[in-house]
Amino acid sequence: GIDNFTNKDRKVIVKGLAEREVPADKVTWSISTKETGNDLPTLYERINVQAGKIKAFLKQNGLEESEITVNPPSVSDLEAREWGDNQKPFRYIVNTTITVATTKVEAVNKAIFKQAELLKQGVALDSSYPNYEYASFQQMKPEMMSEAIKNAQKTAEQFAEASESKLGKIQTAGQGQFEIENRDENTPYIKKIRVVTTVTYSLDD
């Protein structure tokens, strides 16, 4: 739309919008599990078994060894803390996180819906969080910028016609910031990309 019009200098400032909805082409999925107890060697063994089951589950759902990272376990000693209730039923919490980084977005989505299968194997997930990205964004930028400028030009031409003027040259053009967000909270694997450009045209009689 028209952002500003100056009659004295005979120019018009307009904005052009370009939007796209695209499927995410990269996903990073973090899966965490934990074990609690008082014997560290036993807990380490149990957490490694849990991680092995998760890793096998991921491979069964089409993910490759190179796309899966099992992070070293971390230990929290509750008795070493200076605060909190000391009457706890266990001393140690051992956590580990398995991270999937892949372009196989569809395979990850299918695996997410099958997570209940891990419960049947005795694997209790502490957290499971996928983060979707559109890694090909840079390739789309020139096309979207061109579209935004064309849309700005259409608006300027309409204004020039309505004001019985002729549209002149571009005096200034400013690229707005690209915004990438989820289309909605239910489909984070669909991204909405948006950019607004601001263009100043001269007007001729």
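When a residue number appears, it is its place in the shown sequence, counting from 1.
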Walk me through it: do Trp29 and Ser128 pass the test side chain to side chain donor-acceptor pair (under 3.5 Å)?
CA-CA 7 Å; Trp29 183 19; Ser128 173; 2.8 Å; yes

Are [X] and [Y] linked by a side-chain donor-acceptor pair shorter than 3.5 Å?
{"X": "Thr103", "Y": "Asp25", "result": "no"}
{"X": "Glu157", "Y": "Gln153", "result": "yes"}
{"X": "Arg10", "Y": "Ser202", "result": "no"}
{"X": "Ser32", "Y": "Thr97", "result": "yes"}
{"X": "Asn61", "Y": "Lys110", "result": "no"}
{"X": "Tyr132", "Y": "Asn109", "result": "yes"}
{"X": "Thr102", "Y": "Glu67", "result": "yes"}

Electrostatic pair [X]:[Y] at N-O distance under 4.0 angstrom:
{"X": "Glu65", "Y": "Lys55", "answer": "yes"}
{"X": "Glu143", "Y": "Arg20", "answer": "yes"}
{"X": "Lys192", "Y": "Glu21", "answer": "no"}
{"X": "Glu179", "Y": "Lys191", "answer": "no"}

Is the count of non-hydrogen atoms from other residues, nucleotides or ligands lying under 6.0 Å from Lys104 atom NZ greater than 12?
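Enclosed: over 12 neighbouring heavy atoms sit under 6.0 Å from NZ of Lys104.
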
Would one find more than 12 heavy atoms of other residues, nucleotides or ligands at under 6.0 Å from atom NZ of Lys53?
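Correct, the count exceeds 12.
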
Step by step, work out the side chain to side chain donor-acceptor pair (under 3.5 Å) result for Thr198 and Lys15.
CA-CA 5 Å; Thr198 303; Lys15 292 184 182 294; 3.0 Å; yes

Closest non-hydrogen atom pair between Arg46 and Thr36, with its separation:
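That closest heavy-atom pairing would be NH2-O, 3.6 Å.
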
